[in-house]
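To start, the structure under review is shown below, and the notes come after it.
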Amino acid sequence: MERKTQNKIKRVTKILVDKFGYPYRHENLPAPLDMLIATILSQNTNDKNSYKAFQNLKRKYPAWEEALSAKESTIENLVRVAGLGKQKANAIKNLLDDLNSRDEGFSLSHITELSDLNAIEELTKYDGIGVKTASCLLLFALDRNVCPVDTHVFRTVNRLGIVSEKSRDKTYFILNESFPKDIAHTFHTNLIRLGREVCTPRNPSCGVCPVEKECLFEEKNLENKTVSAERDFMLLDNVRLLN
Ligand code: SF4
């Protein structure tokens, strides 16, 4: 990544901190396997439903080893509230079975020691774990300086001109080539908030956007001075999700 792009990321981070503050972060990181399963459950649904599904699983299986003997259909019933129940149950079951077969014991220790890129490569070998899910594990549970690219980050970094890519995964790899030190969590979380509240997919509120001067989007909607009423009541906050 070019120096000027790194500087732009730093400027955007500062502007968003001035606007939204520093995002909440619990001092204790969540357990990696909790985080990974919670992120699998969060795919294609809202935070409220993925939280319910995670709680259903945790109540039934306080230790993940207890889910090893569960039928896939039982897991599916527990996670159905998060949608794609069959697919998610299958991904969770395969993951747990694989961990159980490893010499290192039942853990993600074969991942947590790897570099960011190698960890993503290993994690995405599992069915149901893509680059976004893998990078959420790195950021939120392993405290790595990576910026996952969800739908909001994808849209906003492309509109801002930080990257110019058509696929989310390519956007992730370009954005994270040499991400400025120590600010990935702040940038990622505040950008999601910007995407939800201001830089919405349709009719973005460019007229009140705090980073309008940094933005290269050709179809700016400067007439719109109304901030979207859409506001998810649970901002992606992995730690709160897991506690
Ligand atoms: S100026 Fe408009 S398009 Fe650009 S980041 Fe802000 S809301 Fe999004």
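Because the structure is a prediction, the values reported are computed rather than measured. As the structure lists them, so they are numbered: ligands from 1, and atoms in each ligand from 1. Along the sequence shown, residues carry numbers from 1.
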Is there a side-chain contact between P204 and V198 (heavy atoms, below 4.5 Å)?
no

Please examine the side chains of Y51 and L41, heavy atoms only from C-beta on, and report whether any two atoms are closer than 4.5 Å.
no

Is there a ring-ring contact (aromatic ring centres under 6.0 Å, His included) between F140 and H188? Walk through the geometry before answering.
CA-CA 11 Å; F140 293 115; H188 169 83; 5.7 Å; yes

Looking at D47 and R196, is there a salt bridge between them, counting it only when a charged N and a carboxylate O are closer than 4.0 Å?
yes

Taking 4.0 angstrom as the limit, do K132 and D150 come out as a salt bridge?
no

Residues in the immediate environment of ligand 1 (any heavy atom closer than 4.0 angstrom):
R159, C199, P204, C206, C209, E212, C215, F217

Charged N-O contact under 4.0 Å between R25 and D143:
yes

